[in-house]
2 protein chains.
Amino acid sequence: MSIAEVARLAGVSTATVSRALSGRGHVSATARERVVAAAQELGYVVSQAASSLASGRTRNVGIVLPFLSRWYFTSVLEGAQQHLMRSGYDVTLYNLAGDGDERRTVFEHFLPRQRVDAVIAVSLELTETEVTRLHTLGKPLVGVGGPIPGVRTLAIDDVAVARLATEHLIGLGHTRIGLIGGDVASDADFHLPTKRRQGWEHALRDADLPIEERVVANADFTVQGGYRAAKQLLGAPLRDRPTAVFAASDEMAFGAMLAARDLGLHVPQDVSIVGVDDHDTSDFFGLTTVAQFPREQGALAVDILMSQLEPGGDVAASDTPLPFELRVRSSTSRPRD
Amino acid sequence: MSIAEVARLAGVSTATVSRALSGRGHVSATARERVVAAAQELGYVVSQAASSLASGRTRNVGIVLPFLSRWYFTSVLEGAQQHLMRSGYDVTLYNLAGDGDERRTVFEHFLPRQRVDAVIAVSLELTETEVTRLHTLGKPLVGVGGPIPGVRTLAIDDVAVARLATEHLIGLGHTRIGLIGGDVASDADFHLPTKRRQGWEHALRDADLPIEERVVANADFTVQGGYRAAKQLLGAPLRDRPTAVFAASDEMAFGAMLAARDLGLHVPQDVSIVGVDDHDTSDFFGLTTVAQFPREQGALAVDILMSQLEPGGDVAASDTPLPFELRVRSSTSRPRD
DNA sequence: TTGAAAGCGCTAACAA
DNA sequence: TTGTTAGCGCTTTCAA
C-alpha cells in the first residue's frame, strides 16, 4: 500500500497525491477529491518513516518529565498530548524517573535520533549541555513549570502564588501563619520550594508579621510528608501553634488536614489550611487553594511549538504571565477569638 | 552527519557500519571497534526515519490508555516505558480521554501510519474491528488490565482478588459485609466492577452469608465517590449497618475511611475497610488491601512484545497468572462483640 | 567477513 | 496546476 497505488487509482502522479494529502502546494479541487477518494478506498495512510526521511519533519514531539506519578505532571502531559493529537502530531514520552543514567541516555541517545521535531520539558531544569544539544539539533524546545536559561518557558509566578495564599490568611486576621514548604531534595529542579517560601515571607513582612523558623516544616510534596510536617507544627503548645498553615502543594495540604483532625483540631475553627494547585480532589476536601491550570499550560506549550514548527501556525503565543486564582473553600476562616 | 561519514572515518563500508552498530550480521572485532570509535567521535546517532524505512522496524511501541489521571494507568505506563527504554525502544502515547472521536482517530489514523512496531492497550476493551485493524497491519498487540478476545492479555483474576479481600473480612468474624462497587459507567471496559462484585458474592455464599442489596453502593472509583457510597452504607441504622466494607479500589476505600470518620465511626473498631490496588498512599492510610503490581504488569507486557519482535528475545513469557497479595494493615480487625 | 548497490516510500525542486 | 525525478539515510541482499 504505497502512494503509487493511490496515484494510479486516482489517475494522477505521486507528487499530486502527496500534495493533496499533505495540504502543501496547490492542487485542483477535482484532483484533490479523486485523491482523497482513492486513498479512502485503499485505506491508505502515509508512511511516517518515508515522509520524515524525505521531508525532515517527523510530526512527533518529545515530552520529557521527571515523574509520572504526580498530578501536576500527568495533567500537563494530558493537556499537551490532546492538543498535539488535534494537530496530527504524535507524542513520544521520556520519563526520567529512575536513576540519573536514564537522563543521560535520553539526551544523548533518544532525543538526537531524529524521532522528534521538538521537545517539551516539564519541571526540569536542563543543563546548558542539554539545552545546547537540542539547539544544535535544531529542535525547538519549550519548558513548562519553571525557567530554563535561554529557553522559552511557561511557569506561574510562584512567589506571587504563595504570597496570594498567605495574604488570604492574613486578610482573615491570622497573625501566626505556618509554612509547610518543600525540602531540599525537591528544590533541585526549579527552586520552587524556595520561591513559595519567599512569597510567604513577603506577605508576612508586608503585614509586619514576624518570620519565625519554628512555624516552618518542610516535606516532599506528598500527602504523607504534609501529614508529618503538620503534626510537627500543630503539636506545638498553644502559644506557639500557628492558627493557619500555608502548604506549598495541595497534596501536602491534604496531609495537613488529616493531621489536624488526628490531633483533634477542627479545620478551619482551630486551624486554617491553604494549598496550591487545585488538585482534582481539593474540591472534595473543601480545601482553599490557589489554582493553577496544568492542562492549559501543556496546551499553551504546544501552541508555542506549533508557531515555530508550522509555517502558518498560531503566531507567537504571547508572553502573558500564566494565570492562577484563589479558590476559597471551607478550610480557611477567621481565627477563633 | 550520516552513516557515510562514519564509514569514511572508520575506513569501512556503510554496510559494515550498519552491521556493527545494529548488531545484526557478522563483523570482525577490529572493524566493530573502529566503527564504534568513529561513531563516538562524530557523535553519530542513526536516523530512525531512514532506518525504519529501510528495515521496516521502528523501534517504537504505542501505548494506548483511557486516562492518565489514575494511579493504575500511570503505573502501568511507567513500568512499560522504563522497560522499553532499556531495550532502546521509544514509547508513543495515545491517551483516549476526551470524546470518542479521539478513539477512532487513533485507530484509523495514528496507529496505522507505520510509526509503531507493536501496541500495548491498557484497560481497554478493543472492538473486533480495532483488533483486526492492528492484526492486518502485522502489529503485535498485548492487553494489560483485562481480556481482549483473541489477544494475549495480562490481568489479575479480579474475581479471586475480590474474594480474597472478602474472605479476609469473613475470617475476622464479620458477617455483614458491605460492598462499594463500580458503577455502570465504569463497567464499560472490562466488567471489572462486575467481576469484583462476583468475588464478593462468592465469598459470602461460600460462608453461607446472605447477599443483601442494601449493603451495596456503587461509585466511580474516585475518593469522592467512595465517600458518598460509604456515607450511604454506614449511615444505616445499627441493625443494618455493615461492620465491614469491601471497596473495589483503594481510592474508593480512602473515601470510605473518611466517611466513617465524619460519621464518628472508628476504623477498624466500628467498621473494617479493605480495598484493592495498594495505591502509593495506602500504606499511609493504614489501609488493608489486595495489592496488584501495575509497574510489573507493564514490564511484563513489554517482555511479551519483545519476544515477538526481537529474534532472540525472551522467549514467550509464560502464561502464569498475575500475582496479587493481601496486605493487612490497620483498617481491618475483628468486629466489636 | 566485507563491499557494492538496489531499494524502502515519500517529498520537493524543477520543468512543463 | 501537474508530472518527472533526484534524493532523504539507512538496511540488506548478493557476490566476492
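We use all heavy atoms of the structure for the numbers below, so side chains are in, but hydrogens, waters and symmetry mates are not. These numbers come from a predicted model, not from an experiment.
Rounded to whole Å, atom C1' of C/dG9 lies 15 Å from atom CG of A/L42. Note: CZ (A/R24) to C1' (C/dC10) measures 13 Å, nearest angstrom. What separates CD of A/E5 from C1' of C/dC10 is a distance of 14 Å, to the nearest Å. As a whole-Å value, the separation of A/Q48 CD from D/dC10 P is 18 Å. For the pair B/H26 NE2 and C/dT2 P, the computed distance is 11 Å after rounding to whole Å. We find that CG of A/L21 is positioned 10 Å from P of C/dC10, with the value rounded to whole Å. Going from atom CG of B/L53 over to atom P of D/dG9 covers 12 Å, rounded to whole Å. Atom CZ in A/R19 sits roughly 10 Å away from atom P in D/dT1 (whole-Å rounding).
Of all nucleotides listed (C/dT2, D/dT12, C/dT11), D/dT12 comes nearest to the side chain of B/S55. Taking the side chain of A/S18 as heavy atoms from C-beta on, and the options C/dC10, C/dT11, C/dA4, the nearest nucleotide is C/dT11.
Regarding contacts with the backbone of D/dT4, every side-chain N or O of A/S13 stays at 4.0 angstrom or more from both OP1 and OP2. Proximity of B/S28 to the phosphate of C/dT2: a side-chain N or O atom is located under 4.0 Å from OP1 or OP2. Under 4.0 angstrom from either OP1 or OP2 of D/dG3 there lies at least one side-chain N or O belonging to A/T16.
Residue whose closest nucleotide on DNA chain C sits further toward the 5' end, between B/A54 and B/T14: B/T14.
At the heavy-atom level, B/V27 lies under 4.0 Å from the strands shown only through sugar-phosphate atoms. As judged by a 4.0 angstrom heavy-atom cut-off over every strand, A/V12 is placed among residues touching the sugar-phosphate backbone only. Here A/R57 lies in heavy-atom contact (under 4.0 Å) with sugar-phosphate atoms only. Counting non-hydrogen atoms under 4.0 angstrom, A/A49 reaches nothing in the nucleic acid.
A/F110 carries A/R113 over the face of its six-membered ring, with the cationic atom under 6.0 Å from the centre and within 45° of the normal.
By the 4.5 Å heavy-atom criterion applied to side chains, A/Y94 and B/D90 are counted as neighbours. Considering only heavy atoms from C-beta on, A/L21 comes within 4.5 Å of A/Y44 through its side chain.
Within 6.0 Å of NE2 on A/H135 lie more than 12 heavy atoms contributed by other residues, nucleotides or ligands.
At distances below 3.5 Å, at least one donor-acceptor pair connects side-chain atoms of B/T58 with backbone N or O atoms of B/D117.
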